[in-house]
Amino acid sequence: MNLFAEVAARVTAALEALKTEGRLPADLVLPSFDAEPPRDVGHGDVAINAALVLAKPAKMKPRDIAEALKAKLETAADVERVDVAGPGFLNITFKPQVWQTLVRTILQEGPRFGAGSIGKGEKLNVEYVSANPTGPMHVGHCRGAVFGDALANLLVFAGYEVTREYYINDAGGQVNVLARSAFLRYREALGEDIGAIPEGLYPGEYLKPVGAALAAEHGASLREIPEERWLPVVRQFAISKMLEMIKDDLAALNITHEVFFSEASLTSGGQDKVKTAIDALRQKGLIYEGKLEKPKGHDDAEWEDRLQTLFKSTSFGDDEDRALQKSDGSYTYFAGDVAYHYDKLQRGFRHLINVFGADHVGYIPRMKAAVAALSGGEADLDIKVVQLVRLFKAGEPYKMSKRAGTFVTLRDVVDEVGRDPVRYMMLYRKNQETLDFDFAKVTEQSKDNPVFYVQYAHARAASVMRNATEQIAGLNLSVEALQAADLTLLADTGEIDLIKRLAAFPKLVEGAASAHEPHRIAFYLYDLASALHTQWTRGNDSPHLRFIQANDGVATSARLALIAATKTVIKSGLEILGVEAPDVMR
RNA sequence: GAUCCCGUAGCUCAGUUGGAUAGAGCAUCUGCCUUCUAAGCAGAGGGUCGCAGGUUCAAGUCCUGCCGGGAUCGCCA
């Protein structure tokens with residue numbers, strides 16, 4: 001149930017009535033308007049701008065429309081009063097029972113409160129992480145992984161049928177580098193002195209077990225054959241080991257994908273899905289052989305004109321057309337990605353979301369162009385870019401070098417600070433904003449770290465429920481009993497304020513889901529936790545406001561109904577973020 | 001040279017798709033533990049929303065041009 005959507009429906013009905021009464025032009029097309037919580041508490045419970053947006057098309061003064069609407073809206077039984085304010089806002093103030101009833105609604109709907117608002121069960125694909133299978137996940141991957149996962153959770157909650165995918169880049173040159181690097185470790189495992197790792201190969205220690213496993217499985221036999229024979233074997237072996245490791249790393253963050261899609265599979269087993277996709281584009285007249293112009297900033301000496309197969313992405317807003325085949329005829333990375341997205345479309349997805357790192361921003365226009373071309377404009381692709389994570393240790397920048405193999409792995413971070421703080425911190429920022437991640441601060445279990453603040457609110461709610469049953473004999477805290485509580489006793493301003501924040505949850509979820517912005521949930525939870533802590537402390541100062549009234553089981557039941565509702569919403573929000581909602585703090 | 005992201009309180013950042021008097025945390029100052037968990041709460045000070053135009057009933061939010069910081073830029077992935 002969404003209170004604000006309900007009010008919007010009332011306004012629409014009132015406007016229709018005014019049209020049939022001839023007080024608004026009968027042919028008036030109603031523009032979209034908002035019914036939302038006002039920022040200023042002095043402006044009632046719901047602010048409606050309908051009169052303002054209608055003024056021009058209806059050729060009437062906004063305040064006249066507002067007055068007419070006011071007369072319609074203020075007759076509702078649950079409305080305390082309607083004010084026309086400012087240039088023509090309608091401010092509705094509800095009677096307290098609206099808020100009291102909302103507590104019951106939340107208890108009835110439980111974890112479904114706020115869910116299912118916009119997805120309508122439509123299929124939606126979220127592709128995220130997609131790190132190269134050449135080594136362990138480092139902390140740079142972490143943000144995209146957490147963001148994608150929380151976004152997927154959010155969209156599931158909003159009612160989409162979501163598939164989480166990981167695109168494995170197992171077809172390019174870098175997996176051959178991986179294979180040669182693993183082969184070196186294999187020779188090392190056989191007792192050879194391999195010396196320093198040559199330039200251009202991966203130096204990381206994580207390949208040692210792969211080498212050892214190869215030695216255990218193949219003995220010395222691989223060493224006896226030429227590279228063109230051992231390379232595919234070692235490559236396949238190393239990739240699967242790397243994927244195992246990556247899946248373990250993701251599991252440490254509670255992240256799982258339903259589909260791992262192999263780039264190499266596009267052109268294996270006698271098929272060529274890349275060609276199929278290019279042919280589909282060719283049929284639309286979007287493929288040609290040509291040369292690309294030299295980019296402006298390019299060094300003149302190195303430039304050389306080459307004839308390539310190009311996709312006319314400029315027809316879809318890209319700056320230049322993009323190469324699908326290299327001059328030697330092999331496919332570009334982009335060509336494989338085109339084929340992969342063609343495959344997504346053929347699997348019936350019309351809503352696609354890709355999560356990219358900041359280093360891939362230049363790739364966005366061509367990807368959108370490809371999806372627009374392949375789907376004939378039927379599918380939407382949203383590409384979310386997560387900006388860089390800058391590591392700090394106690395305020396000092398924390399340097400890492402990928403070349404020396406001394407990068408901070410995702411696992412290092414999770415082991416050091418824990419899964420919940422990592423996830424919350426990664427989400428407590430807009431995705432387009434660069435993120436400073438300070439080990440010292442995140443490890444600090446202080447108010448500085450919002451995850452503890454929010455989790456503490458949940459634990460505090462659980463604690464109050466536990467204490468109540470101990471202090472009041474025979475108190476029934478089942479959901480059914482709490483629903484039956486006399487909720488008209490919830491009349492304190494702090495209690496009403498807390499309920500109003502709960503009431504905002506469904507609309508907030510809707511906005512976050514349609515904007516693909518999970519961070520809004522994280523910030524909302526902080527506010528909600530704050531409202532609970534506030535009311536708690538008011539009870540410290542004024543004992544009659546405490547949730548538990550040892551001599552009054554009736555009042556206690558009503559307040560615990562509110563606590564239970566708050567606990568439910570905090571838990572729903574934390575589940576979207578993939579963060580635990582503990583009943584006890586350690 | 002071009003594209004994308006960012007610019008809001010001393011610092012780190014929100015700002016509900018254009019709403020009314022721009023918010024929170026940290027830091028500073030003043031209070032609250034005999035208490036349902038002080039891992040908490042209340043209050044004060046702190047602003048030319050980078051700059052300049054434009055769009056309209058209304059702009060931190062949309063458009064244009066600058067300034068500053070970051071990322072990216074033919075066949076890598």
Side-chain angles (χ1 to χ4, degrees), chain A residues 34 36-40 42-43 47 49 52-53 55-56 61-62 85-89 91 130-132 134 169 171-175 263 291-298 303-306 308 310 318-328 330-334 336-337 357-365 385 387-388 428-430 432-434 436 445-450 452-453 455-457 459-460 463-468 470-471 504 507-508 510-512 514-515 517 519-520 523-524 526-527 530 533-541 543 546-550 556 563 584-585:
Chain A
D34 288 324
E36 55 187 15
R39 285 179 185 168
D40 190 326
H43 293 151
N49 66 352
L52 290 165
V53 289
K56 187 171 262 186
K61 287 181 186 167
F89 286 102
N91 294 328
S130 300
N132 291 339
T134 55
N169 305 141
Q174 86 285 351
V175 285
E263 180 185 1
K291 293 176 178 179
L292 287 176
E293 280 183 34
K294 178 163 60 77
K296 283 274 186 334
H298 202 283
W303 183 262
E304 193 183 324
D305 267 350
R306 285 165 182 163
Q308 294 176 286
L310 300 172
D318 200 358
D319 298 328
E320 52 186 309
D321 294 335
R322 301 294 175 176
L324 291 164
Q325 282 181 304
K326 306 174 192 176
S327 47
D328 68 1
S330 63
Y331 294 126
T332 61
Y333 177 79
F334 177 54
D337 224 352
D359 52 342
H360 283 63
V361 280
Y363 201 68
I364 294 172
V385 175
Q387 287 293 332
L388 302 180
Y428 201 62
R429 194 113 312 176
K430 270 184 305 201
Q432 315 92 301
E433 190 91 31
T434 53
D436 293 348
Q445 302 198 350
S446 73
K447 212 166 57 161
D448 221 3
N449 188 344
F452 289 102
Y453 187 79
Q455 287 184 320
Y456 180 43
R460 187 170 245 180
S463 163
V464 169
M465 311 269 288
R466 278 194 306 272
N467 285 329
E470 282 171 20
Q471 292 182 23
K507 188 173 168 64
L508 181 105
E510 195 180 310
S514 53
E517 291 185 349
H519 76 272
R520 293 190 197 182
F523 282 94
Y524 168 79
Y526 190 90
D527 278 348
S530 172
H533 291 313
T534 297
Q535 189 61 9
W536 163 278
T537 308
R538 292 184 77 220
N540 266 353
D541 300 336
R546 291 184 191 176
F547 302 130
I548 300 173
Q549 297 292 316
T556 302
I563 295 296
V584 181
M585 296 304 277

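Order of the sequence lines fixes the chain letters, A, B, ..., with proteins taken first and strands second; residue numbering starts at 1 for each chain.
The side chain of A:Gln387 contributes no N or O atom lying less than 4.0 Å from OP1 or OP2 of B:rC5. Between B:rC76 and A:Lys326, a contact under 4.0 Å exists linking OP1 or OP2 to a side-chain N or O. Under 4.0 angstrom from either OP1 or OP2 of B:rG74 there lies no side-chain N or O belonging to A:Lys291.
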Next on the checklist: For a quick check, with a 4.0 angstrom heavy-atom cut-off, what is the B/S/- contact string for nucleotides 28-38 of chain B, read 5' to 3'?
Outcome noted: ----S--BBBS

Checklist entry - What does nucleotides 11-17 of chain B look like as a protein-contact string, B for base, S for sugar-phosphate only, - for none, at under 4.0 angstrom between heavy atoms? => result -SSSSBB

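Using cut-offs of 30° and 60° for the angle between ring planes, the A:Tyr526 and A:Tyr453 rings count as parallel.
Nucleotide B:rA77 holds its P atom 15 Å from the OH atom of A:Tyr331, rounded to whole Å. Between the P atom of B:rG69 and the CG atom of A:Leu388 lies a distance of 17 Å, rounded to the nearest Å.
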Item to check | Under the 3.5 Å Watson-Crick or G-U criterion, the dot-bracket string of RNA chain B, with | for inter-strand pairs | outcome: (((((((..((((.....[...)))).(((((.......))))).....(((((..]....))))))))))))....

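Taking the side chain of A:Pro87 as heavy atoms from C-beta on, and the options B:rC57, B:rA77, B:rC41, the nearest nucleotide is B:rC57. In this structure, of B:rC41, B:rG74, B:rA20, it is B:rA20 that holds the atom nearest to the side chain of A:His43.
A:Ala85 comes within contact range of at least one nucleobase, with a heavy-atom separation under 4.0 Å.
Stacking is found between A:Phe89 and the pyrimidine-like six-membered ring of the B:rA20 base under the 5.5 Å centre-distance and 30° plane-angle cut-offs.
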